[in-house]
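The next block holds one structure in the form of structure tokens; read it before the comments.
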Amino acid sequence: MIVTTHKNLTTNELKDVALAISEIDDRFNSLNFFGDNVFFLPINLSEELVRHITSIKGVDKIYFPPLNYQLSSKEWRSERTVFNVKDTLIGNGNFQIMAGPCAVESVEQMHQVGAHLQKLGINFIRGGAYKPRTSPYSFQGLETEGLKIIREIADEYGLKVITEVVDRSVLDDVSMYTDIIQIGARNMQNFFLLKELGRIDKPIFLKRGMSARIPEWLGAAEYILSSGNPKIILCERGIRTFDTSLRNTLDVAAIPLIKDLSHLPIFADPSHGTGDSKYIKPMALASIAAGCDGIMVEAHPNPAKALSDGPQSLNFDELTDLTKAIDNLNKALKA
Ligand code: PEP
Ligand code: MN
């Protein structure tokens, strides 16, 4: 349950509200959020308690969202979240593409990617410097060197950076170089890492865990929101199902479902969602038709030589073709 106070309360008036709420349940949390003073409680309230809270001096409104994802819910915020990353809007249908290799491999590779994205008018370059690989013997990423490369290339070609953070120990290092921080599927429920993101003034791209249910995914977003960071982008990247024909099952239905439950921007990643470059275009278009706010896609100058995720990376011609198809579909959907 969420209680908001009137704006411009004095510190003492706010303290009185907090005290009155703590008498109901001392597990409440409070936050200054989008300019509102917000108290949230991990309980459902009886009608009598609702009447009592409403009568507390300074209280403005009471909201009744699902208990485990309050700040990410539509009950709390019915208008869709939209924010700027540098001068580029994300959310509420401001469609964006994020493209680039799975991993930053070299300056030369990233030069080629950056130049091609610029030519296509894509705003965001992706590429992992820290790679969470299934095997310790696989390429682990260039680490700080990789962060420097992707930043330099982005600045040269007028792009914005999205890259993954895998652990709290490298969070400050990653945030220095990136514009958006990616939390990968494997870390979606690393709650200690999620809580740290509250103190970072950068948007967070929160991928769905590979076996995460929707309320668990929104619960993960709630960790970041309730720690004080309101800029979150959700990304459907495929889940594990009984069917092993493709790497993952892209849950396209999650897109309209998330839009019903939450105000947060929702992207789709058809590269990880299928594991096969052949199916990226149809699944990207399906995700857009389903209402996503953007697409993340892996692209590489030479996918056959990629150090990770080559089979699910587009080459440049395929990326060009995809962006044309996306433009056409977006035009048709707006018509
Ligand atoms: C990635 O984006 O390269 C990645 C590792 O994604 P995910 O966490 O979705 O597997
Ligand atoms: Mn990848």
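Both counts, for ligands and for their atoms, begin at 1 and track the order of listing. Numbers here simply count residues along the sequence, with the first being 1.
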Check each protein residue for a heavy atom under 4.0 Å from ligand 1 and list those that pass, ordered by chain and number.
Cys102, Arg126, Lys131, Glu164, Gln182, Gly184, Ala185, Arg186, Lys207, Arg237, His272, Glu298
Per the side-chain hydrogen bond (donor to acceptor under 3.5 Å, both in side chains) rule, what does the pair list look like for residues 126-135, sequence neighbours excluded?
Arg126-Glu298, Tyr130-Asp173
Could [X] and [Y] be called an ion pair, given the rule that one side-chain N must be under 4.0 Å from one carboxylate O?
X: Lys331; Y: Asp327; answer: no
X: Asp172; Y: Arg199; answer: yes
X: Asp16; Y: Lys57; answer: no

Taking atom [atom1] of [X] as the centre, does the number of heavy atoms from other residues, nucleotides or ligands within less than 6.0 Å exceed 12?
X: Asn84; atom1: CG; answer: yes
X: Asp243; atom1: CG; answer: yes
X: Glu48; atom1: CD; answer: no

Closer than 2.8 Å to the Mn ion (ligand 2), what protein N/O/S atoms do you find?
Cys102 SG, His272 NE2, Glu298 OE2, Asp309 OD2
Exercise: do Glu105 and His300 side chains pair donor with acceptor under 3.5 Å
yes
Result block: side-chain N/O donor-acceptor pairs under 3.5 angstrom for residues 85-97, not counting sequence neighbours:
| residue | atom | partner | partner atom | Å |
| --- | --- | --- | --- | --- |
| Lys86 | NZ | Asp179 | OD1 | 2.9 |
| Asp87 | OD1 | Lys160 | NZ | 3.2 |
| Thr88 | OG1 | Lys160 | NZ | 2.8 |
| Asn94 | ND2 | Gly91 | O | 2.7 |
| Gln96 | OE1 | Asn123 | ND2 | 2.7 |
| Gln96 | NE2 | Leu89 | O | 3.0 |

